[in-house]
Amino acid sequence: MSILEAIKTSIQMLGRNRLQSFLTMLGIIIGVMAVVVVMSIGSSAQEFILSEVKAIGTDLIGVLPGKSDADGPPSSVFGIVNTSLKYENGEDLLKKNHSNIDTVSMYVQGNQNISFEDNLRNTSFIGTTESYTIVEKTKIKKGRFFTKEEEKNHSRVAVLGSKLAEELFLEQDPIGERIKIGSAGFKVIGVLEEKGTSMTQDQDNSIVIPIKTAQKLILGIDHISFMRIKVKDESLLNSTIESIEESLRESHNIDDPKDDDFTISAAAQALDSLSSITNALKFFLIAVSAISLIVGGFGIMNIMLAIVGERIGEIGLRKAIGAKNSQITQQFLIETIVITFLSGAIGIILGTLISYLAYRIMLLMDIKWVFIIPVDSIILATLISIGIGLVFGILPAKKASKLDPIEALRYE
Amino acid sequence: MLIKVKDLKKDYTNGEVTTNVLRGITFNIDKGEFVSIMGPSGSGKSTLMHILGFLDKCTLGEYFFEDEDVSKLSDDELAERRAKKVGFIFQSFNLLPSLTLIENITLPLIYSNVPSDKRKKRGEYLLEQVGLSHRANYNPNKLSGGEKQRAAIARALVNNPEVIFADEPTGNLDSKSGFQVMKILQELNENGNTIILVTHEKYTAEYAKRIINIKDGLIFNDYEVKERQIAKEKTELTK
């Protein structure tokens, strides 16, 4: 009896009792579906988080004032003012001409009333360096960004975020107009291109001015909030971080790394830990689905034992007309595998549909979701369903093959 | 010599109790014979048929089929003999309801690895022989008892067996259908087929040419049938 013959027989047998076959298959269908959904949505979520992080830039190193320790991030994250980081530190890093440092940008931030004539908005301002456009990958829509000279000379020039420009100036061209930040007058020299809201900033609603001007004229401070360093080669990130640490320790007179008054972080590192978290989550969910598959497997075994019981007469006849024990085993094993394989196929289709539905819903919610069905999830699901058929089909098939043909023929 | 049995014994042990079902049976059957194994229920006639049909093994004694010592065969070899050497006709027909009639008839050929186109041809030929061509794709449950048994005969013939075992083939049939079955068996025998009929009725047994009468696991007598029942003439009369 060929395999094909056996597969044909099993499909005939399944067709005979459709409801029972379907209920039997349900456990495996749900389990396989869960595996596919978990792997698909897990991959999509991972992709989503990674793209968010990549938008910030994986070639960037952030330096925050204050030390981070085992208890958590530096105090500056929670709004506690730490004055340890100065404008000169950033300048030092640039001057030392580290081979892998492309450029350094520094930041101070705050909220102020911004006004043009009678039009007033309370919004955030960013005091930064001339390198801002490179580090933040920002483009200029109109006019220009401020120069290094303007940055150093406390120039009162401002570049507007695209939305803020529209709100303040409506139809009017803002270039060359005078606006006020608080009570200080500034000249608008440019408008930034629209960037959209990222996890960290809302540049479109902000105003960007030279850092020293912001420190002196508006905030009255001489420290900076944080700096960002753009590296030339991402693969040298770790060694670059080390040399930045050394140079900062030197300029802050720190001998022991335990006394650091700054914190260095890199998006690329965050990426690694995020990946491992999402992976752990994915494996946990797959483990949960596996339980459903095992329960489904026992369901299949149970029903196959019942089927063997129902078909004792058939088994007896098949033996009487020349079926070997191994051929009976093969027939029932293949029947079980056909059931679990079909269940797996249905589960894969349903799982794909559900993942697609999730994708549509995410799109409706304006989340930049991607629809991914990992090929390995399909292969895994198929192998699992065939494997369950093999494992849980062996016992019923062996039982069938061991029936005494004479007893089985008498059974009606 | 097709079948040679010498001092055949069969014991069943159930717990502590051993039952001697066959207690020393000796006979020969030649090619082309039509033999009835007759005896009341419990006489051991079915057990004897099972042993002769490779479904069971004897406890003691010798059984040679075509000069081959059957007691030395393995389970798989016995299954092969069942697939190629013998055909069974059962009292309760034993057709599979999940298969069509033609699939039922050709089922034994699956186990002797005959390709499907040859199986189909052979099935169609046999259906014609037993007058069931128009029922080829029927579900066996939709057939009458007589039709079922004729289909079962076709199945027994499908592998060109050396010997056909018929176990109470008319037991579940009305007398008219029973006649038809017996007519087919007698025709088959006239064409040279060896037939072994197992029955408890003397009347049915007399359709054969020879009767081996079994009682309590021993041969009571073994004789030629003098006044043989002939199904052919009777059916002609009933026409």
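Chain letters run A, B, ... following the sequence lines, proteins first and then strands; every chain starts at 1. Keep in mind the model is a prediction, meaning the values are calculated, not measured.
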* Taking everything shown except Asp117(B) itself, do over 12 heavy atoms lie less than 6.0 Å from its CG? -> yes
* Looking at Gly322(A), Pro405(A), Ser326(A), which makes the most heavy-atom pairs under 4.5 Å with chain B? -> Gly322(A)
* **Heavy-atom contact with chain A under 4.5 Å, split by part of Gln91(B)** => neither
* Structure fact -> Nearest heavy-atom contact between Ala79(B) and Lys324(A) is CB-CG, 3.6 Å
* Structure fact -> When the 4.5 angstrom heavy-atom criterion is applied to Leu99(B) and chain A, the contacting part is side chain
* Asked: Can you name the residues of residues 154-161 of chain B that have some heavy atom under 4.5 Å away from a heavy atom in chain A?
  -> Arg155(B)
* Structure fact -> One should read off an interatomic distance between Asp76(B) CG and Asn325(A) CG, to the nearest 0.5 angstrom, of 6.5 Å
* Would you indicate whether the side-chain heavy atoms of Arg318(A) and Leu107(B) approach each other to under 4.5 Å? => yes
* Asked: Take atom NZ in Lys282(A); do more than 12 heavy atoms of anything else shown fall under 6.0 Å from it?
  -> yes
* Asked: Are there more than 12 heavy atoms of other residues, nucleotides or ligands under 6.0 Å from atom CZ of Phe27(B)?
  -> yes
* In terms of heavy-atom contacts, does CZ of Phe283(A) have more than 12 from other residues, nucleotides or ligands at under 6.0 Å? -> no
* Structure fact -> Heavy-atom closest pair (Leu317(A) atom, Asn94(B) atom, distance to 0.1 Å) is CD2-O, 3.2 Å
* Asked: If you round to the nearest 0.5 Å, how far is OG of Ser46(B) from CG of Leu409(A)?
  -> 11.0 Å
* Give, for atom CG of Leu78(B) and atom NZ of Lys319(A), the distance between the pair rounded to the nearest 0.5 Å. => 11.5 Å
* To do: Select all residues of residues 54-71 of chain B having any heavy atom within less than 4.5 Å of some heavy atom of chain A, and report them by number, or 'none'.
  => Leu55(B), Asp56(B)
